[in-house]
Protein chains: 2
Amino acid sequence: MLLFSFYEKLRILAYEISRRLEARRESMENTAPIKPTETELEILQILWQHGPSTVRLVNEEQNKAKETGYTTTLKLLQIMYEKNLVSRDEESRSHVYRAAVTEEETQQHLLGRFLDTTFRGSAMKLVMQALGNHRTTPDELNQIRHLLKKLEDDSSHADS
Amino acid sequence: MLLFSFYEKLRILAYEISRRLEARRESMENTAPIKPTETELEILQILWQHGPSTVRLVNEEQNKAKETGYTTTLKLLQIMYEKNLVSRDEESRSHVYRAAVTEEETQQHLLGRFLDTTFRGSAMKLVMQALGNHRTTPDELNQIRHLLKKLEDDSSHADS
DNA sequence: ATAGTAACACGAAATTTTTCGTAGATCAAG
DNA sequence: CTTGATCTACGAAAAATTTCGTGTTACTAT
């Protein structure tokens, strides 16, 4: 295995990732479409990081990145509430909001969309691009396929 | 090396990717900010795939996915022209538009943005997410760091 | 030449997303 | 009970994005 250069190893993995992502996406077709807007996503990030929070808390967090009026944050959370992106506890006077979607599923959705719109669905290209611009010739692709077979066989033995 | 399971191998690579992406992003800070909107990106995709095209051509392509008026496409291209996302040849009566940004650099930019907004900058998480939801404990992370060192040493010998 | 077709420019309507102002309710302190 | 601070609700302005209608010009074929 030590014969393979980093890039070769990468290509093998990238291919594997590509295959799995595709399978995963197919098995997810009937899931609810989560499509937060840019700022909604920012708020979700805050809720994911800090857990259930009041509007005030969220707003203060937001302000660290960019000055934002209190009612702006409030309105956003209300909108997100209607979209079922967040739930809220109205017990105390200041409502406590919490994310109603998990970070993972949201990332999964957004990743799929991003893959389609930006990389035309090629997870392979995405990973390769993440590394640097390495063109893969048809020949290389074949090489990968061969290597992959070996790798798969090996993995099935070595896997925990 | 054959002791490593697929996921272990993946984590090593993901970490490496993460490091490189970060370096890459830092060295790119002073680049012009390419931020095409959703539909602008769709048009760029068409231009990248088909090469320089007339408005008519682009519009027909667009219609395969979603009915779009001719002047709508035209207007978008004009806007993109002003933003320098595309250039155009006005020789013949029907102008010929071509992408003024490469697919790679655009993907690079968008990937960076996406990474920040959706994965809080963690390429590692992105790749892991692409594969499936595997939690990485702090302990695992340490393991990776160790493995990486080995891998790096090995790579520097084996690399082409 | 003239009618018909297809192209461009331009402005503005329509839609979506983001921001903010105001009114009314609730609570705590004097 | 009144004042002041803080909260929610709501509507609407502002900004960004997308779509389309109209007028004009250029080319083609009769």
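Here is how names work: the chains are called A, B, and so on, in the same order as the sequence lines, proteins then strands, and each is numbered from 1.
- Following rounding to the nearest Å, A/Tyr81 (OH) and D/dA9 (C1') show an atom-to-atom distance of 13 Å.
- Remark: B/Arg56 engages no residue in a salt bridge (charged side-chain N to carboxylate O under 4.0 Å, His left out) (not counting sequence neighbours).
- Rounded to a whole Å, the CG atom of A/Asp89 is 12 Å from the P atom of D/dT8.
- When the options A/Met80, A/Glu103, A/Gln49 are evaluated for a side-chain contact (heavy atoms from CB on, under 4.5 Å) with A/Leu44, the one that passes is A/Met80.
- Smallest separation of non-hydrogen atoms from B/Trp48 and B/Ala99: NE1-CB, 3.5 Å.
- Under the rule for a ring-ring contact (aromatic ring centres under 6.0 Å, His included), the partners of A/Phe114 that lie at least two apart in sequence or sit in another chain are A/Phe119, B/Phe114.
- Note: CG (B/Asn59) to P (D/dT19) measures 11 Å, nearest angstrom.
- No side-chain donor from either of B/Gln108 and B/Glu104 sits under 3.5 Å from a side-chain acceptor of the other.
- Checked by atom type and distance alone, the side chain of A/Asn63 pairs as donor or acceptor with a backbone atom of A/Asn59 at under 3.5 Å.
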Could you go step by step and tell me if A/Lys35 and A/Glu40 meet the salt bridge (charged side-chain N to carboxylate O under 4.0 Å, His left out) rule?
-> CA-CA 9 Å; A/Lys35 203 210 166 191; A/Glu40 283 171 351; over 6 Å; no
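- Taken residue by residue, residues 41-56 of chain A places heavy atoms nearer than 4.0 Å to DNA chain D at A/Val55, A/Arg56.
- Residues from residues 62-78 of chain B with heavy atoms under 4.0 angstrom of DNA chain D, sorted by number: B/Lys66, B/Gly69, B/Thr71, B/Thr72, B/Lys75, B/Leu76.
- In terms of position along DNA chain C, the nucleotide closest to B/His95 lies nearer the 5' end than the nucleotide closest to the other residue of the pair A/Ile79 and B/His95.
- Test A/Thr106, A/Asn84, A/Val86 against A/Val101 for side-chain contact (heavy atoms from CB on, under 4.5 Å) and you get one pass: A/Thr106.
- Per the geometry, NZ belonging to A/Lys35 stands 13 Å off P belonging to D/dT17, to the nearest Å.
- A donor-acceptor contact under 3.5 Å links the side chain of A/Arg93 to the base of D/dT6.
- Listed by chain and number, the residues in a side-chain hydrogen bond (donor to acceptor under 3.5 Å, both in side chains) with A/Glu42 amount to none (sequence neighbours excluded).
- Between B/Leu47 and B/Ser53, the closest side-chain pair of non-hydrogen atoms falls below 4.5 Å.
- Using a 3.5 Å distance cut-off with no hydrogens or angles, the side chains of B/Gln62 and B/Thr73 do pair a donor with an acceptor.
- One can place CE of B/Met80 at 13 Å from C1' of D/dT17, the figure rounded to the nearest angstrom.
- Taking a heavy-atom distance under 4.0 Å as the criterion, the stretch of DNA chain C touched by chain A extends 5' to 3' from C/dT17 to C/dT26.
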